[in-house]
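The structure appears below as structure tokens.
Sequential numbering from 1 along the given sequence is applied to the chain's residues. Ligands are counted one by one from 1 in listed order, and the atoms in each one are counted from 1 as well.
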Amino acid sequence: MTRPLAALSPLVPAALGAVIGIASGHPLLGLLLGLAAACGLALVLARRTASQLRELARAAQSISSGDFSPRIRHIDRGESGELASAMDEMAARLEAKLDEAGRSREELRALLSGMGEGVIATDRGQKILFYNQAAAALLDFEADTPPGRMLWEVVRDNEVVRAAKGAFESGARRTFQLGPVRNRHLDVSVYPWPSSGRAEGVVIVAHDATESVRYQELRKEFVANVSHELRTPLTMIKGFVETLRDGALADAVKGPEFLGTIEKHVDQLTNLVSDLLELSRLESREGLPRRARVEMAATLTRVVEFMKPAAEKKRQTLELSLNGSLPGVAGDPDYLERAVSNLVDNAIKYTPEGGRIHLSAKSHEDDVVIEVTDTGIGIPPEDVPRVFERFYRVDKSRSREMGGTGLGLSIVKHVVQVHGGTVEVESAVGKGSTFRVRLPAITS
Ligand code: ADP
């Protein structure tokens, strides 16, 4: 409806002029007047339309430059009005969509920055589109490298660059282990993106696998150590059994002697198996620790009592001094007793005949501090940091000779740790050692 009316509107004054002119007897004059009025009106209308179009153009320009704020308010009629309100609506929707996309992008960026995994996204030409801080740390490049650089310029490791190329070309994921890179082992996966259809680039994800690689190595080392520890006494037992079978059993002297040796190795095996079981229970924390109130004074007195015969056998002095009253310790009485007796057992083993072993306990700050001091062979400084490791012995044959398993101190360390305490050693070769255990006291 608006279109014919708007088009006709300048003709109305012209027709009116013509009618008035004919009626007044001056048709030409009337026509001229009508035409003049029509031209004036057409001019006014054209100006108005032009200004509305200019406003629409201005609004379209600001929308295209990303500014959605201006709304087209003073065009409220006709086709221009309809176009204006359609543009308004479109701007509002676009603004909402872009806001939403911006928020999602920010959320994604925050998520990626907070991840422990390193992430790098590249385009089809291996130009870096995005990376997070973890990627810079793990793949060893500057954290302020601007995106837009080539992958091979930034990540120096050829394997990553090759895998990125391979994953892009094949459209399939590539996974491999990398390292050590600055003492770290990485699990790297390269995925083409998007996940379906033609690849537009790749996403590289690097995961720090140092801990798990170390764990695997420790496990392998542990299995090798256990096998070795088991094999040694078993070989000895087998050898002596064969000798006995070959005639030594009938020998009145050698027979009992060899049986005694076999028994010693069987004891060694039994010790080893029970220490291994204990260690595995402690490490898996099954049923540990009981949270009873343990009076360490009573524990130490008991340990001294049952260790005395072993010390006396070596003519050693084994003494206990308790300074003042001791607060209780929360924990498992059996495990704590086992830890102290392991330390005293070592002190007896590694102290020559006639030596002195001294046990003490005192309260210090919020801890109960237990010390086991001996006048034994001592530990060389380079071995001190390692004696708490499983199977670590300063002198393997001496330890075996004494029935040691190499696990006693690691059991001590585990027991103390699960009780929230610490253990340390001070030692001087030829003079002796002091093992010091601190356990948190029950304060209330
Ligand atoms: P082991 O069964 O060999 O005694 P441990 O784990 O108890 O195993 O001790 C590890 C090593 O630490 C021992 O083999 C020994 O070399 C050293 N060690 C432990 N306690 C003492 C000590 N009191 N004096 C000297 N050396 C010690």
Open item on the list: Give the atom numbers and elements of ligand 1 that come within less than 4.0 Å of a heavy atom of Y392.
Closed with: 10 (C), 11 (C)
TODO: Pull out every atom of ligand 1 sitting under 4.0 Å from any heavy atom of I379, numbered as shown with elements.
DONE: 25 (C), 26 (N), 27 (C)
Looking only at protein heavy atoms, identify the closest one to [atom] and say how far it is in Å.
| atom | value |
| --- | --- |
| atom 23 (N) of ligand 1 | D374 OD2, 2.9 Å |
| atom 16 (O) of ligand 1 | V394 N, 3.0 Å |
| atom 3 (O) of ligand 1 | S399 OG, 2.6 Å |
| atom 21 (C) of ligand 1 | Y350 CD1, 3.5 Å |
| atom 7 (O) of ligand 1 | N346 ND2, 2.8 Å |
| atom 12 (O) of ligand 1 | V387 CG1, 3.5 Å |

- [ ] Spell out, as yes or no, whether a donor-acceptor pair under 3.5 Å connects the side chain of N342 to the backbone of G408.
- [x] yes
Open item on the list: Contact between ligand 1 and K349 is defined here as a heavy atom of the residue under 4.0 Å from a ligand atom; is it met?
Closed with: yes
TODO: Could you see which bit of N342 sits under 4.0 Å from ligand 1, with heavy atoms only: side chain, backbone, both or neither?
DONE: neither
- [ ] Apply the test side-chain hydrogen bond (donor to acceptor under 3.5 Å, both in side chains) to residues N132 and S113: give CA-CA distance (whole Å), side-chain angles for both, the deciding distance (0.1 Å), then the verdict.
- [x] CA-CA 5 Å; N132 64 0; S113 316; over 6 Å; no
Open item on the list: Surrounding NZ of K349 (heavy atoms of other residues, nucleotides or ligands, distance under 6.0 Å), is the total greater than 12?
Closed with: yes
